[in-house]
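Here is the structure we will look at.
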Amino acid sequence: MNAGTMRRRTLALVVAVVGALAGSGSALAQSPIVIKFSHVVATDTPKGLASEFFAKRAAELTKGRVKVEVYANSQLYKDKEEVEALQLGAVQMLAPSLAKFGPLGVKEFEVFDLPFIFDDYKDLHKVTQGPIGKQLLDRLDAKGIKGLAFWDNGFKSFSANRPIHTPADMKGLKMRIQSSKVLDAQMRALGAIPQVMAFSELYQALQSGVVDGTEGTPSNFWTQKIYEVQKHMTLSNHGHLAYAAIVNKKFWDGLPADIRTTLDGCMKDATQYANAIAATENTQALEKIRASGKTNVYTPTAAEILEWKKALMPVHKEMEARVGKDIVAAAYKAAGFVPV
């Protein structure tokens, strides 16, 4: 536990004891329910904006009975730590990327990491907003987590300090990835060397040459200033970065029923907002990256995209046993995916 967390817990305990000694039941009843919402990206990203929207909506619709405190940019926990912090109750709410759930033991979520499985947001939503999405969120219950919704970010690009127009250009590059066996297999299929690393450490690692490149969305490349330390970016759109809004299950189940119902409504509103702004935020971020002149943005030809797809299709077969043959087949059907 870091010093900041210890101080916050101590303060909360002092407040509770003083309130109890005062014997003022009405005063306690008027105290808002505090939800700490932690995430690892900047405030002006799709996830950052959606979490702020949720906080504002919760305050409005519960008439101040709930206070959502949003902590952005890994203020509380790095992305390797945040899910465990949620399970332990150190924070109540997160919106981690879907790759986080494989290491947690819910390997079916890694279906979202399979390269080129979604052509666009419409195909993605057929999975996240349909029966498959609900089934996956329900599987988090056993981990002490209540899955509330899926939030979009955007489609991923590759970046490095040398041009990467074809799969052969990836050979030998040390590429940062999230902790996902599918993403590990993806990089190895391209001849790259995968390096698992916390998102908060990425800029410095790229700047110092600890890693050569990464994959990510334009919104994250822009807000984390990745474009400053990467000379080349290829709009491969090989994968989609999405999040699951989740809450500590014990905390959630302990809320008054009317509060849960209201917060469910707030989450639906925040999800609509998040998914509505995701494409626009990424488009605008890409324009800013281009305008900076620091990163050369390359758009692959149709023939080059086909080459990328063929190079990465073996990852699907390799990972089928890990992710689950049934869930892969169901996602294929829902998204209309046809292997090349």
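- Of the possible polar contacts, none joining the Gln272 side chain to the Asp269 backbone as a donor-acceptor pair under 3.5 Å is found.
- Note that CD1 of Ile145 and CE of Met93 are 12.5 Å apart. Values are rounded to the nearest 0.5 Å.
- Between His39 and Phe37, the ring planes are perpendicular. Angles over 60° get that label, and only those under 30° would be called parallel.
- Counting only residues at least two apart or in different chains, ring pair (Phe, Tyr, Trp, His ring centres under 6.0 Å) contacts with residues 294-340 comprise Phe158-Trp308, His165-Tyr298, His316-Tyr332, His316-Phe337, Tyr332-Phe337.
- No donor-acceptor pair closer than 3.5 Å links the side chain of Gln230 to the backbone N or O of Arg162.
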Start with the C-alpha gap between Ile246 and Gln92, add the side-chain angles, then the distance that decides, and say whether side-chain contact (heavy atoms from CB on, under 4.5 Å) holds.
CA-CA 8 Å; Ile246 59 176; Gln92 289 73 48; over 6 Å; no

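- Remark: Asn248 CG to Lys36 NZ distance equals 12.5 Å, nearest 0.5 Å.
- The pair Glu287-Arg290 fails the salt-bridge criterion, with no side-chain N (NZ, NE, NH1 or NH2) lying under 4.0 Å from an Asp/Glu carboxylate O.
- In the model, Glu84 has no side-chain atom that pairs as donor or acceptor with a side-chain atom of Tyr77 under 3.5 Å.
- Under a hydrophobic-cluster definition in which Ile, Leu, Val, Met, Phe, Trp and Tyr are linked whenever side-chain heavy atoms come within less than 4.5 Å, directly or via other members, Tyr243 and Leu114 are assigned to different clusters.
- Here the closest heavy-atom approach between residue Phe109 and residue Leu137 is recorded as CZ-N, 4.1 Å.
- When hydrophobic clusters are built by joining Ile, Leu, Val, Met, Phe, Trp and Tyr residues whose side-chain heavy atoms come closer than 4.5 Å, directly or via intermediates, Val34 is not grouped with Leu88.
- Hydrophobic cluster membership is shared by Val315 and Ile164, with clusters built from Ile, Leu, Val, Met, Phe, Trp and Tyr side chains linked at under 4.5 angstrom.
- Considering all non-hydrogen atoms of both residues, Glu82 and Pro96 come closest at OE2-CB, 3.4 Å.
- In this structure the side chain of Leu263 reaches within 4.5 angstrom of the side chain of Ile35, judged on heavy atoms.
- In this structure, Asp120 and His125 have side chains that are not in contact, with every pair of non-hydrogen atoms separated by 4.5 Å or more.
- Salt-bridge annotation for Arg176 and Glu201: absent, with no side-chain N of the basic residue lying under 4.0 Å from a carboxylate O of the acidic one.
- Between Gln135 and Ile327 there is a side-chain heavy-atom pair separated by less than 4.5 Å.
- In this structure, Leu312 CG and Ile117 CD1 are separated by 13.0 Å, a value rounded to the nearest 0.5 Å.
- If you look at Phe155 and His240, their ring centroids are closer than 6.0 Å.
- Between Lys309 and Phe116, the closest side-chain pair of non-hydrogen atoms falls below 4.5 Å.
- Using a 4.5 Å heavy-atom threshold, the side chains of Leu148 and Phe54 count as separate.
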Under the side-chain contact (heavy atoms from CB on, under 4.5 Å) criterion, do Leu173 and Ile193 qualify, and how do the steps go?
CA-CA 6 Å; Leu173 288 176; Ile193 305 163; over 6 Å; no

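- No side-chain N or O of Asp152 forms a donor-acceptor pair with one of Tyr121 less than 3.5 Å apart.
- Rounding to the nearest 0.5 angstrom, the gap separating the OG atom in Ser219 from the CD atom in Gln284 is 11.0 Å.
- Salt-bridge check for Arg57 with Glu60: passed, with a basic side-chain N closer than 4.0 Å to an acidic carboxylate O.
- Listed for the Asn153 side chain is no donor-acceptor partner under 3.5 Å among the backbone atoms of Ala242.
- Each of Arg188, Met170, Met197, Gln186 was compared with Met175 under the side-chain contact (heavy atoms from CB on, under 4.5 Å) criterion, and only Met170 meets it.
- Taking hydrophobic clusters as Ile, Leu, Val, Met, Phe, Trp and Tyr residues chained together by side-chain heavy-atom distances below 4.5 Å, Val111 shares a cluster with Met187.
- Here the side chains of Val40 and Asn73 are not in contact, with every heavy-atom distance at 4.5 Å or above.
- Remark: side-chain polar atoms of Asp184 are not paired, donor with acceptor, to backbone N or O of Ser180 under 3.5 angstrom.
- In plain terms, the two heavy atoms of Lys47 and Ala95 that are nearest each other are NZ-O, 2.8 Å.
- Within a 6.0 Å sphere centred on NZ of Lys56, other residues, nucleotides and ligands contribute 12 heavy atoms or fewer.
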Hey, mind stepping through Tyr273 and Glu52 against side-chain contact (heavy atoms from CB on, under 4.5 Å) and telling me if it holds?
CA-CA 11 Å; Tyr273 172 77; Glu52 296 289 346; over 6 Å; no

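- Taking hydrophobic clusters as Ile, Leu, Val, Met, Phe, Trp and Tyr residues chained together by side-chain heavy-atom distances below 4.5 Å, Ile305 shares a cluster with Met313.
- A side-chain donor-acceptor contact under 3.5 Å links Glu215 and His238.
- For Phe221 and Tyr227, the ring centers sit 6.0 Å or farther from each other.
- Closest approach of Thr234 to Pro300, counting heavy atoms only: CG2-CG, 3.6 Å.
- Under the 3.5 Å distance criterion, the side-chain polar atoms of Glu304 are matched with a main-chain donor or acceptor of Thr301.
- Among Val41, Thr214, Leu202, the one residue that satisfies the side-chain contact (heavy atoms from CB on, under 4.5 Å) test with Asn220 is Val41.
- Between Asp113 and Gln178 there is no side-chain heavy-atom pair separated by less than 4.5 Å.
- Ring centroid separation for the pair Phe112 and Phe150 comes in under the 6.0 Å cut-off.
- In Lys80, the NZ atom is crowded: over 12 heavy atoms of neighbouring residues, nucleotides or ligands sit closer than 6.0 Å.
- Among residues two or more places apart in sequence or in another chain, the salt bridge (Lys or Arg N to Asp or Glu O under 4.0 Å) test is passed with Glu108 by Arg139.
- With respect to the salt-bridge test (charged N to carboxylate O, under 4.0 angstrom), the residues Glu110 and Arg322 qualify.
- Asp264 and Lys146 are not joined by a salt bridge, as no carboxylate oxygen comes within less than 4.0 angstrom of a charged side-chain nitrogen.
- A pairwise comparison of heavy atoms in Pro218 and Met233 identifies CG-CE, 4.1 Å as the closest pair.
- Between Val70 and Ser51, the closest side-chain pair of non-hydrogen atoms falls below 4.5 Å.
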Applying side-chain contact (heavy atoms from CB on, under 4.5 Å), run through Ile259 and Arg65 and close with a yes or a no.
CA-CA 8 Å; Ile259 290 290; Arg65 290 174 64 194; 3.6 Å; yes

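- Considering every non-hydrogen atom in both Phe101 and Ala244, the closest pair reads CE1-CB, 3.7 Å.
- To the nearest 0.5 Å, atoms OG (Ser38) and CD (Glu81) are separated by 9.5 Å.
- Atom CG of Asp253 sits about 8.0 Å away from atom CG of Asp141, to the nearest 0.5 Å.
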